[in-house]
Number of protein chains: 2
Amino acid sequence: MSAEKQVNYRVAEVDKLIHEPARYSIMALLFVVEQADFLFVKNQTCLTAGNLSSHLSKLEAAGYISIKKKFVGKTPKTFLKLTKMGRIAFDAYRNKMKALFTASF
Amino acid sequence: MSAEKQVNYRVAEVDKLIHEPARYSIMALLFVVEQADFLFVKNQTCLTAGNLSSHLSKLEAAGYISIKKKFVGKTPKTFLKLTKMGRIAFDAYRNKMKALFTASF
DNA sequence: GTAAAGTAGTTTGTAGCGCAAACCGAAGGA
DNA sequence: TCCTTCGGTTTGCGCTACAAACTACTTTAC
């Protein structure tokens, strides 16, 4: 019993915050573009503004992204970028998933 | 705008039923062993009985697994196996994830 | 000037989920 | 006979994802 235990336990170790597809999309985008504003991310990910807003709050709370609000002319703009921690976490997640899905089993 | 749209939209297309790590573990297990009973799956996945039970119900409702209850001697036993639909769905999920995570971006 | 229509998001409400604790019926001892 | 174990299922709770409704402006139309 103990010898055969936990064959697939590694799947359970994934970072659930990044595992959520919507959030993965956001982080993947920020991973490659380095910086982006709210509307760009909204368009790229096809998320609604409300949905995006709440996901961003969670990512920020986790320390994975930084949110900076500035005025461009007279309109407010929200700039997003991955933190160092966010980059590391995203990289780790990708590596884990890659290992998981390229393995024969 | 329309040319740059939806770079990462494919992530959102994943089968959420399989995307849940607990359920992925269950399906991965059934994918390789062909048939298993409740306790074996419980031990392998380290899920609690209650948790496993509810995930199995969902997988069954989706038509991904079949649940057969038999008596072995005098004690009831629950046998699980992937349906054809389940195998197809699992395979598709794995292929999608593999493509997603082996791609450079 | 002021009403209506954007713009750029945030907050609220709701349905559904994952999880473990509590529960249940049958079987096997003490 | 009671009670403990076995093999699960049901219940209850906290959290989540999502969209609708809302806020706080700015711009356009009249």
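FYI, side chains are in, hydrogens and waters are out, and symmetry mates aren't considered; it's all heavy atoms of this structure. Chain identifiers are assigned alphabetically (A, B, ...) following the order of the sequence lines, protein sequences preceding nucleic acid strands; residue numbering begins at 1 within each chain.
As rounded to whole Å, 13 Å separates atom C1' of dG18(C) from atom NZ of K16(B). Rounded to a whole Å, the CG atom of L56(B) is 10 Å from the C1' atom of dG8(D). Between K42(A) atom NZ and dG9(C) atom C1' there is a gap of 10 Å when expressed in whole angstrom units. We find that CD1 of I26(A) is positioned 12 Å from C1' of dA17(D), with the value rounded to whole Å. One atom, CG of L47(A), and another, C1' of dT16(D), lie 15 Å apart when rounded to the nearest Å. The CG-P distance, from L52(B) to dA20(C), rounds to 12 Å in whole Å. dT16(D) atom P lies 15 Å from atom NE2 of H19(B), rounded to whole Å. For the pair K70(A) NZ and dG9(C) P, the computed distance is 13 Å after rounding to whole Å.
For F38(A), the listed nucleotide lying nearest its side chain is dT10(C); candidates were dC18(D), dT16(D), dT10(C). In the set dA20(C), dA17(D), dC17(C), the nucleotide with an atom closest to the side chain of N51(B) is dA20(C). In the set dC17(C), dC18(D), dG8(D), dG8(D) carries the atom at the smallest distance from any side-chain atom of K69(B). Nearest to the side-chain atoms of H55(B) among the listed nucleotides dG18(C), dG28(C), dA20(C) stands dG18(C). Closest to the side chain of K58(B), out of dC19(C), dT10(C), dC17(C), is dC17(C).
At the heavy-atom level, L39(A) lies under 4.0 Å from the strands shown only through sugar-phosphate atoms.
Looking at which nucleotide of DNA chain D each of A49(A) and L17(A) is closest to, the 5′-most match is held by L17(A). Each of K74(A) and P76(B) was matched to the nucleotide of DNA chain D holding its nearest heavy atom; the match closer to the 5' end belongs to P76(B).
One side chain, T78(B) or K69(B), offers a donor N or O that lies under 3.5 Å from an acceptor on the other. No hydrogens or angles considered: nothing links the side chains of D15(A) and Y24(A) as a donor-acceptor pair under 3.5 Å.
Contact annotation: T48(A) reaches the phosphate of dA19(D) (side-chain N/O to OP1 or OP2, under 4.0 Å). Proximity of R23(A) to the phosphate of dA17(D): a side-chain N or O atom is located under 4.0 Å from OP1 or OP2.
A cation-pi arrangement is not found for R94(B) relative to F101(A), the charged atom failing to lie both closer than 6.0 Å to the ring centre and inside a 45° cone about the ring normal.
Considering only heavy atoms from C-beta on, P21(B) comes within 4.5 Å of K16(A) through its side chain.
Rounding to the nearest 0.5 Å gives a distance of 9.0 Å between OG of S66(B) and CG of L30(B).
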